[in-house]
Amino acid sequence: MDTSLWAPNCTFADPFNSFGGEGSTARFKVNADNLGKFVINPTLKVTSFEADESKRIVTVGWIFSSQLKLPWRPTLAAAGETLHIIDNSSGLITRYEERWKSNPWDVIKRLFVPNPA
């Protein structure tokens, strides 16, 4: 994962968690790399793209799905959008905010359902 577009202290937020501050981008990369070890055949479809130059915000809509490397092979799937807020002076992303269209608790509940073989 190339983190060069994010400020080192970028704030990362999703429906379950938010963190920022010193080393936050490195922490996000570790988290994403760890999750990547558990996904099988992931699919990501970009559903929309909007750049608001006056507000320095890029919004990307998406649908994600994958099975997880757990014995019951549950499905991790969600739809939403990610806002990337860009700093005027550095040009780096200072906030990465996921907004889910999927109900976050429905996404979690599916993780406990075995996937049919």
**Prompt:** Do the side chain of Thr82 and the main chain of Glu98 share a donor and acceptor less than 3.5 angstrom apart?
**Reply:** no

**Prompt:** Okay, side chain of Ser102, backbone of Ala79: is any donor-acceptor separation there less than 3.5 Å?
**Reply:** yes

**Request:** Is it possible for you to say whether Leu44 and Leu5 belong to one hydrophobic cluster, with membership spreading through side-chain heavy-atom contacts below 4.5 Å?
**Result:** no

**Test item: Ser66 side-chain N/O and Asn41 main-chain N/O as donor-acceptor pair under 3.5 Å** = no

**Request:** Look only at the side chain of Thr47 and the backbone of Trp62, and say whether a donor-acceptor pair between them is shorter than 3.5 Å.
**Result:** yes

**Request:** List the steps and the verdict of side-chain contact (heavy atoms from CB on, under 4.5 Å) for Val58 and Ile86.
**Result:** CA-CA 8 Å; Val58 175; Ile86 302 167; 3.9 Å; yes

**Request:** With sequence neighbours left out, write down each residue that passes salt bridge (charged side-chain N to carboxylate O under 4.0 Å, His left out) with Glu97, or none if nothing qualifies.
**Result:** Arg95, Arg99

**Asked** Can you list the residues that meet the salt bridge (charged side-chain N to carboxylate O under 4.0 Å, His left out) rule with Asp14, with sequence neighbours excluded?
**Response** none

**Request:** Sort and list the pairs that fulfil ring-ring contact (aromatic ring centres under 6.0 Å, His included) and have at least one residue in residues 78-97, not counting sequence neighbours.
**Result:** Trp6-Tyr96, Phe12-Tyr96, Phe28-Tyr96, His84-Tyr96

**Request:** May I ask you to decide if Ala7's main-chain N or O and Thr25's side chain share a donor-acceptor pair within less than 3.5 Å?
**Result:** yes

**Message:** Between Ser18 and Thr11, does the side-chain contact (heavy atoms from CB on, under 4.5 Å) criterion hold? Intermediate values first, please.
**Reply:** CA-CA 7 Å; Ser18 178; Thr11 297; 4.0 Å; yes

**Request:** Output every pair passing salt bridge (Lys or Arg N to Asp or Glu O under 4.0 Å) with a member in residues 100-111, not counting sequence neighbours, ordered by first then second residue.
**Result:** Asp106-Lys109

**Request:** Could I get the full list of side chain to side chain donor-acceptor pair (under 3.5 Å) partners for Asp52, not counting sequence neighbours?
**Result:** Ser54

**Item:** Results of side-chain contact (heavy atoms from CB on, under 4.5 Å) for Thr75 - residues two or more places apart only
**Value:** Ser65, Gln67, Ala77, Asn115

**Asked** Rounded to the nearest 0.5 Å, how far does OG1 of Thr94 lie from CG of Asn88?
**Response** 9.0 Å

**Prompt:** Who passes side chain to side chain donor-acceptor pair (under 3.5 Å) against Ser4, sequence neighbours left out?
**Reply:** Asp2

**Message:** Strictly by salt bridge (Lys or Arg N to Asp or Glu O under 4.0 Å), give each pair with a member in residues 61-81 just once, sequence neighbours left out.
**Reply:** none

**Message:** Holding to ring-ring contact (aromatic ring centres under 6.0 Å, His included), I want the full list of residues that pass it with Phe16, two or more places apart in sequence or in another chain.
**Reply:** Trp100, Trp105

**Residues clustering with Ile85 (ILVMFWY side chains joined when closer than 4.5 Å, directly or via others)** = Ile57, Leu83

Hey, can you pull the donor-acceptor pairs under 3.5 Å for the side chains in residues 30-38, sequence neighbours left out?
from, atom 1, to, atom 2, distance (Å)
Asp33, OD2, Lys29, NZ, 2.7
Asn34, ND2, Val30, O, 3.3

**Stepwise side-chain contact (heavy atoms from CB on, under 4.5 Å) test for Leu68 and Ile40** = CA-CA 6 Å; Leu68 296 182; Ile40 302 169; over 6 Å; no

**Message:** Once side chain to side chain donor-acceptor pair (under 3.5 Å) is applied, do any residues pair with Ser89, and if so which ones, sequence neighbours excluded?
**Reply:** Asp87

**Prompt:** Taking a hydrophobic cluster as the set of Ile, Leu, Val, Met, Phe, Trp and Tyr residues connected by side-chain heavy atoms closer than 4.5 Å, whether directly or through intermediates, do Val107 and Phe64 fall within one such cluster?
**Reply:** yes

